[in-house]
Structure formats: structure tokens, C-alpha cells
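Quick notes on the structure that follows.
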Amino acid sequence: MKFIADCMLGKLSRWMRILGFDVIFMKEDDEIILETAEKEKRIILTKDTRMGSRKFKGKIYFVENEEWRKQLKEVLDRFSLWGKIKPFTRCPDCGTPLKIVKKERVRYLVPS
């Protein structure tokens, strides 16, 4: 299951990535978010009720809670994601899957 979170849900998207979910955080306008979601078959997470009034064939979920912890629980409950949590498998900033590498391989890439 892949998601796009709009600009109102930055902390939610970060914490979903920390838990291992594929979430893109987009600050772009609604049309670009809708196009990306349709092209990549992603579910849109938003607090913007006007987003649903646009022509879109995919799924939009309107997050009701204001606080990110409650938002996270809401989304995990709504999409039955509790059993799919794989913490620390994605970069919390960009969502790229993390790889296990030998310490020697990255030794000189890490600042002292």
C-alpha cells in the first residue's frame, strides 16, 4: 500500500516512513498530487476536504485528527496496517528503503 500525504500532514508522513510505509510528502498543488497519486496508484492522505471535489479515480482519505500521534493511529486503524509495521526500514526524510551494509563499506562516508 502506497500513500501521498499533502502539506498538512508532514509529521504523519515522516512517522509512517519511520514505521516502514511508502509515503511521499508533497507540498505541490492539488493537481500535481492528484496526477502523481493516479500515476503511481497511491492513496492520498489529506485534511483538505476540497481535494475530493476534483476528478480523481483513486482513493482519498480525509484525516480527521489534528495531532500527529492520533493521525497515525487513525491511518493505521483505517487501513489495517498494524501488522505491516516494519520500523526503521525506510529513510524518515525521503522514504527510500534502507539497506544493510558492512561498516567498512561506509566507514569514510560517515562524519566523525
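It should be emphasised that the depicted structure is a prediction, and the values quoted were computed from it without experimental measurement. Side-chain atoms are counted along with the backbone in the values below, which use heavy atoms only and exclude waters and symmetry mates.
Applying the salt bridge (Lys or Arg N to Asp or Glu O under 4.0 Å) criterion to K41, with sequence neighbours excluded, gives no partner residue.
For NZ of K2, the number of neighbouring non-hydrogen atoms (other residues, nucleotides, ligands) closer than 6.0 Å is greater than 12. Around CH2 of W68, the count of heavy atoms belonging to other residues, nucleotides or ligands within 6.0 Å exceeds 12.
When hydrophobic clusters are built by joining Ile, Leu, Val, Met, Phe, Trp and Tyr residues whose side-chain heavy atoms come closer than 4.5 Å, directly or via intermediates, V106 is not grouped with F88. I18 and W82 fall within a single hydrophobic cluster, where Ile, Leu, Val, Met, Phe, Trp and Tyr side chains are chained together by heavy-atom contacts under 4.5 Å. Under the 4.5 Å side-chain contact rule for hydrophobic residues, V110 and L98 do not share a cluster. Using a 4.5 Å cut-off between side-chain heavy atoms of Ile, Leu, Val, Met, Phe, Trp and Tyr, with links allowed through other members, M1 and L19 fall into the same hydrophobic cluster.
Note that CD of Q71 is 5.0 Å distant from CG of L9, once rounded to the nearest 0.5 Å. In this structure, CG in L72 is found 9.5 Å from CG in L81, a value given to the nearest 0.5 Å.
Looking at L12, I43, I44, I24 one by one, the single match for side chain to side chain contact (heavy atoms under 4.5 Å, CB included) with F3 turns out to be I43.
Contact detail for I4 and A37: the closest heavy-atom pair is CD1-N, 3.5 Å. The nearest pair of heavy atoms linking G95 to R90 is O-NH1, 2.6 Å.
Salt-bridge formation is detected for the pair E67/R69: a Lys NZ or Arg NE/NH1/NH2 atom is positioned less than 4.0 Å from an Asp or Glu carboxylate oxygen. For R14 and D93, the salt-bridge test passes: some basic side-chain N is under 4.0 Å from an acidic carboxylate O. The pair E64-K70 fails the salt-bridge criterion, with no side-chain N (NZ, NE, NH1 or NH2) lying under 4.0 Å from an Asp/Glu carboxylate O.
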F25 and R17: side-chain contact (heavy atoms from CB on, under 4.5 Å), yes or no, with the steps? CA-CA 10 Å; F25 176 62; R17 290 191 298 261; 3.8 Å; yes

Determine, step by step, whether M8 and V63 satisfy the side-chain contact (heavy atoms from CB on, under 4.5 Å) criterion, reporting the C-alpha distance in whole Å, the side-chain angles of both residues, the deciding distance to 0.1 Å, and the verdict. CA-CA 10 Å; M8 299 178 199; V63 177; over 6 Å; no

